[in-house]
Structure formats: structure tokens, C-alpha cells
Number of protein chains: 4
Amino acid sequence: MRDQEGPRPGRPRQADVSGRILTAARELIAARSWERISLDEVATRAGVAKTTLYRRWRSKDELAVATLEHALGPLPAATSVRAAVGWLAERVRDPGTRHVLVTLTSLSARDPDLRTMLRSRLRDPYVASLRDEQATREASATLAFDLVVGTLLHRAAMTGGITDGDVADVSDVAEQLMSPAADLPSRDAAGAP
Amino acid sequence: MRDQEGPRPGRPRQADVSGRILTAARELIAARSWERISLDEVATRAGVAKTTLYRRWRSKDELAVATLEHALGPLPAATSVRAAVGWLAERVRDPGTRHVLVTLTSLSARDPDLRTMLRSRLRDPYVASLRDEQATREASATLAFDLVVGTLLHRAAMTGGITDGDVADVSDVAEQLMSPAADLPSRDAAGAP
Amino acid sequence: MRDQEGPRPGRPRQADVSGRILTAARELIAARSWERISLDEVATRAGVAKTTLYRRWRSKDELAVATLEHALGPLPAATSVRAAVGWLAERVRDPGTRHVLVTLTSLSARDPDLRTMLRSRLRDPYVASLRDEQATREASATLAFDLVVGTLLHRAAMTGGITDGDVADVSDVAEQLMSPAADLPSRDAAGAP
Amino acid sequence: MRDQEGPRPGRPRQADVSGRILTAARELIAARSWERISLDEVATRAGVAKTTLYRRWRSKDELAVATLEHALGPLPAATSVRAAVGWLAERVRDPGTRHVLVTLTSLSARDPDLRTMLRSRLRDPYVASLRDEQATREASATLAFDLVVGTLLHRAAMTGGITDGDVADVSDVAEQLMSPAADLPSRDAAGAP
DNA sequence: AGTTAACCGAGACGGTACGTCGTGTCTTAGT
DNA sequence: ACTAAGACACGACGTACCGTCTCGGTTAACT
């Protein structure tokens, strides 16, 4: 979206509109897949015209990205690996948020821009905060992130939901991975597309 | 797909047609996301009419499932955790196969039938073979499967591909998980949709 | 539209569909201006999908042309100037037909193709039949056509309709124009765009 | 358009703005049909905001009317039928003016107000001046007007332009019509909508 | 050898959504 | 009050795709 650098000419955008749209999108996606949801429907539910929607985002995909960011909210100041994983797991357990995430990771398979965007706006900040807290290598933190999110998403894809047990299992693995004792051979962590 | 229960009257189906369609689908999906591929396109590339395609599969989703099965091929008789994970990782590394898989897991978020299908045709047989080989609990094997597939898919979604290092990292975690020494508290593994 | 040169492959077009669409268009245009009529509306009234409409005509303008042809019907074998003018006047007096005609002449101001089309499919055949009947010069017949149609359309634009008196007045002028005694200096009649 | 009834409070309107807009409209309409021209475009070409445009005219149609009046200019004091027809023909030959006229006559098919407006502001004054000059019946003068304008507009619609020959032909007919010798049966001329 | 029933290619069709454009209204800041 | 700039609601356009259908024509097995 746009940075606000002083008042621009013309009628200013209504402040609440984007929020209403994003909320409408998340609510709809909780109950149906993104492909089956029409932008007309999102617009109607948000009490807004479809053109307004296209004025703020270039395409349906970009709206999906914004919906994810809106659903995730700001990163918390993590205090422990378990807490950090817990925050992540909590988001992934929410059906709406999870479906947006699944949709986006699916789309990112063939969209480098989307990939970069997901990395820089979601994974990188998260990994950075995790690494600050725990004196661990970036590679481990990155692996932990991919493992937690990936495993939980895939399990949900297999069973339809995520149980407390699932979260605990994944937490165990992640904690072990991040512990100083973990002796993963120093391999290059994934970074470049 | 239909069961072939003895010879039926009328002109039999051309043997190679299904294979050509499935191959065309995999090739196309290697370069573009499934949502952006039209069945007309698949049909054209396979040198076939769209009608033929709908005579063999009921919907685009079912064609995706068949494409995945065709791409995965038969399960190998695994001899070790590392080898089993390697076989899985090799499939996931192939872009065409991976994209079909991503598409299907994404679709399964909203489709219980598809979920059941993926479990019974992909995960269950794999887990069974893994468990036979290694005297481990089913829960651990299932977790290992979800972890390997999920983590690798998610990493590919973040970076665009899967490196040898990625496979090795995931193998390490899976191996540790499957080892008899692994002392995960006995929690129920996910199973019901 | 297309010539039918033997059976072509694929499902043949439903015979009555074009007629239903054209009739629906004429009925709608009798009550509202062409610009205010949506193709969705035409399609709905014809009991047809919008896509069918676009399969048969490339644009809204082309549909308007077809509607005019359909509304005019075949040229009659005219027996006298007065009868020929009468046939023309009768068409122009029908609100639906007249409005299609007005719309098309208005559009043709900036569309050479449309102009050519109107000339070759409407004016030329009419003038030819008129000239065959009466042993007159083409220039006079063409002028008579433009005069009858143009004057009546413009009078309708001024008053909202066409009276018997209008038709009679115009007939008088046209008859005089076509009479052998008419001594118009031999000027080139309009032809090239 | 609004009447200017003495100085009103606040900032007065910039004098040249309306003229610039009307000129821009005429220039644009010379090259494209009015339906294909957007008000945004007119505003941009006039170096003006769309708001300004809507402050001065209520709708696109009203702007078209104003554009026509601006393009026609004041009625001349006609001295002869031939001169009067010449003045009319000259206006109609100018593409910009002609297209505005065509647009308005086309619109008037469905708009009684517009019809009344065209009659009272264009045809009636013209016919009055014609009748004053020549001692002829109103019916004849009115018919002459409709015949000249209608025929020329329709010929332009058929061929894309108006030649000297066209004007001469129409003048001949009009002159004959207005001559005292003309023995049209006394029929009521069109007047009521 | 002829019949039969399914196969196949081709394309029409209904329906839904997309993304764009245009009109007319509105809401700001600035003159 | 006027102007510039642009957001907004609404509605239509023309396109793309899905899944169904209806043709003509083909191909094997069964009578």
C-alpha cells in the first residue's frame, strides 16, 4: 500500500474501508476457498464497491497477501522458543488465517514476487526476533520456522484441523532444534529464490 | 476414475490417451499454477478433445489427483528411514510433482473427500511401509511423514526450490524422530478428519 | 454471419437462438435507447447466456446491425416510387426499427466499416431495386433514398414521431425527384467514403 | 445551465473556463463519437477538473447541447433561401458540429425534453427567420429545414462526408419547395411531440 | 456382414467471475 | 463560492474458464 507522506490532493481515502474489506475477506475465506470467493462478494460484505477494492489492490492475489498480513497482526516480542512457536501455531490453527496462508504458499510456487514478499514480510522478521531472543544460528531458526509452519499446514491438510497434540509435537521438535546442544552440521540455510 | 470390470461393449478406450493427458497436465503444472491452467489447454497439449478428458475424470480436481498418482509412481520397498525420506524428498523436489502436491493440499483445506483420498492413497501406505521396516509407533511415522513433506513444501514455497541441504536437514530430524531412543510423550496422532 | 457450406464439425448452432436474440433486442430498443440497454438484459430476455451472444457477434455494435437487418426484413419488389417510399416509410415509422436505424447512423459517423456495411446492405440494394423499376439515374435514386430516410428520421427527432402527412410530403418530393422531367444538373452522386 | 442573476457571493467563475470546455468537447467529437468520449477526457483536454464540468452542466447530455450551441453560433440574417440553406449546410459540413448534431438527434429519440429544446432553440428560430424573409407558409419552411438537415446528415452517415454536389442537390430541392409555385397540398406540418 | 454401443474430436451453450471503464456524487485542501 | 484532485457507488463491457450438451464420425465386439 502507500506511505502517507503529508496530505495528498483530492479526497482522502476513508480510513476504515481497508480494514472492513480485509476483515470481510478473512471471514469469507474461513468458510470457503479463496478461488470460490468472488471479489463482488467481498465488496458487498464490506459494504463497498468492487472498484474501491481494485483501487487499493492491483489484483485478487494482492488482496490475499494483505488479508494475511491483517490476519497475522504484529509480531509479538517472543520470550522463549516455546512461546514463539505457540504464537505461530495459534495463528495457523485459526481456519481463516490458515486458509489464506495455504492459498498464498500455493500461489507462491509460481510467483517469485509473492515468494519474496512472504519471506521478507513474514518469515524474516519472525526469524530475526527468534534469533535475537535465543542465541542461535539463523539457519536453525529458519529451519524451525519452516518446520513449524510447514508441518502444521500439512497436517491440517491431511486431517482438516490441528490438535493440541500436533502443536506439542512440533514444539518439541522445534525446541530440540534450537537448543545449543543441537549438532546439525553447518549447512547453508535456504535464502535465495 | 472408473474401474475396469471386464470388457464392456462398444469401442474400447485408446490405451495411451490417459497417459498423454496426465503427462501434459504435469508438464503444464511445472510451469504454471494449476488455477491458471485451463482444461482446454491440457486437452490441446495432449492432442485430445475436452470431452475425452471429462469422460475419464469427473472434474478438474479429480484430474489433479490422477496427475499426482501418475507422477509419484509406485511406493518403493524402503530399506531405511534415510532411504524412505530420500524417495519422498526426490518426488517433492521435482517441480511438476511438487506443484500438483501443493495444489492438492491447498484444495484439501476445504474438501474432506480429497483429504480422505490423500490420506488413504498417499500417507497411509507410505506410513505403513515405513512402520513395517522400522519397529516404530505409527504416531511417530505419521509425524515424520507430515514433517518431511510439510517442511519441504513450505521451504520450496519460501525459496522457490529445495536444496540438498534442505533434504539433509529434514532427514536428520526425521531420523532422530524415528529412532527408538526418541522419547516423545505418547500423544495421539492425528487421524480423524 | 456465416454461410453454411455443408455440415461443420462440432455441435451445430441452435437455429432459433439468433432470431430470439434479435427479437429481444428490437423489443428492448423500442422502449429505451441502445446505450441504456445491457447485453445481459438482451440475453436474459432471449433466454440465452451472454457468452452465446458474443459467440455470434463480435460486439454490441454488430448486434445492432444484425438487429436492423432482422427488423427491416427482405426488400419488396417495388412497383412504383410511391410504393417503394411507402415501404421505407413504414419501416422508419416503427419505433423499434427507427431507433436501431438512428443509433446506427449515429455510430457510423465515426466508423467507416459500419458505414460501408450500411451502404452495401441497406442503401445499395434498395437503390438498385428502385432504379430497375423506374428508368432513372442512380444519382437520383440515391438522393431520393437519403432524402426519404434522412428527412423522416430528422422529423421524428424533432417531433417524436412520423405522421401520415410527413410521409406524404416526403413522397411528393421523392416522386418529383424521380420523375423523368426532373432536371437536376448531372452531378456526381455520393459513393466513396 | 444556470442563469447568471447578478453577482453572487464567493469566488466568481473564471470567464474562459466554459469556452475552453466547449471547444475541447467539439474538437474531441470531431474525431470520435460522443459515446466513446469520456468527461474525464474532455476535462483533461480543457485543463480543468471534472468537478468544474459538473458544476456548469448537469449531465453529459446537457454538455452536448451547450457544445452544439457554441458550435453553431448566432443565426445569420438570411437574405435568400439559397443563402439560408448555405449557412445551414456549412455548419453541417463541419465534422465537429455535425457529430454533435447527430448525437443530439439520436439522443432526442428517447428524450422529449431534449426534443423540445432542439426545436425551440434551433429549428423554430431558423424557420422563423426563413419565413420572414420569404413569404412562405410555416409548413413549407419547416419541411425545408428538416429536409436539408436530415438529408445531409443521412448522406454523411452513408458516405462519411458532404460534397458540394450534395449541398447543391439539397438546395435545389429546398428552393423548389419554398417557391410560391410549389403546390403542396395544405397538410398540417409536424409540431407537437 | 451388419448391428450396436461406446469412443473421439469439435464446438455450442449456460453460468460465474474477472478486471476495466465510464458516469455522476462526494469530500478534502487550497484559492 | 470556486477550483483541482481524486475517492467512491454503481453498472456495463468484453473475456476466460468450467462443466454439460449435441453433433458427425470411428472402432471394436457381439450377433
For E35(C), check salt bridge (Lys or Arg N to Asp or Glu O under 4.0 Å) against everything at least two apart and list the hits. none
Criterion side chain to side chain contact (heavy atoms under 4.5 Å, CB included) against T103(D), the qualifying member of I37(D), L68(D), V65(D), I29(D): I29(D)
Any heavy-atom pair between the side chains of [Y] and [X] that's under 4.5 Å?
| X | Y | result |
| --- | --- | --- |
| R56(C) | T52(C) | yes |
| V102(A) | R98(A) | yes |
| T67(A) | I21(A) | no |

How does each nucleotide of nucleotides 21-26 of chain E score, in 5' to 3' order, for protein heavy atoms under 4.0 Å: base (B), sugar-phosphate only (S), or none (-)? BBBBBB
DNA chain F: 5'-proximal contact among V48(A) and G10(C) (nearest heavy atom): V48(A)
Take Q14(B) and P9(A), find for each the nucleotide of DNA chain F with the closest heavy atom, and name the residue whose nucleotide sits nearer the 5' end. P9(A)
What is the distance from [atom1] of [X] to [atom2] of [N], rounded to the nearest Å?
| X | N | atom1 | atom2 | result |
| --- | --- | --- | --- | --- |
| R56(C) | dG11(E) | CZ | P | 15 Å |
| L107(B) | dC18(F) | CG | C1' | 14 Å |
| L53(C) | dG15(E) | CG | C1' | 14 Å |
| R13(B) | dC8(E) | CZ | P | 7 Å |
| E62(C) | dC13(F) | CD | C1' | 15 Å |
| R55(B) | dC21(F) | CZ | C1' | 12 Å |

Please determine whether a side-chain nitrogen or oxygen atom of T52(A) lies at a distance below 4.0 Å from atom OP1 or OP2 of dA9(F). yes
Is a salt bridge present between R36(B) and D61(A), judged by a nitrogen-to-oxygen distance below 4.0 Å? yes
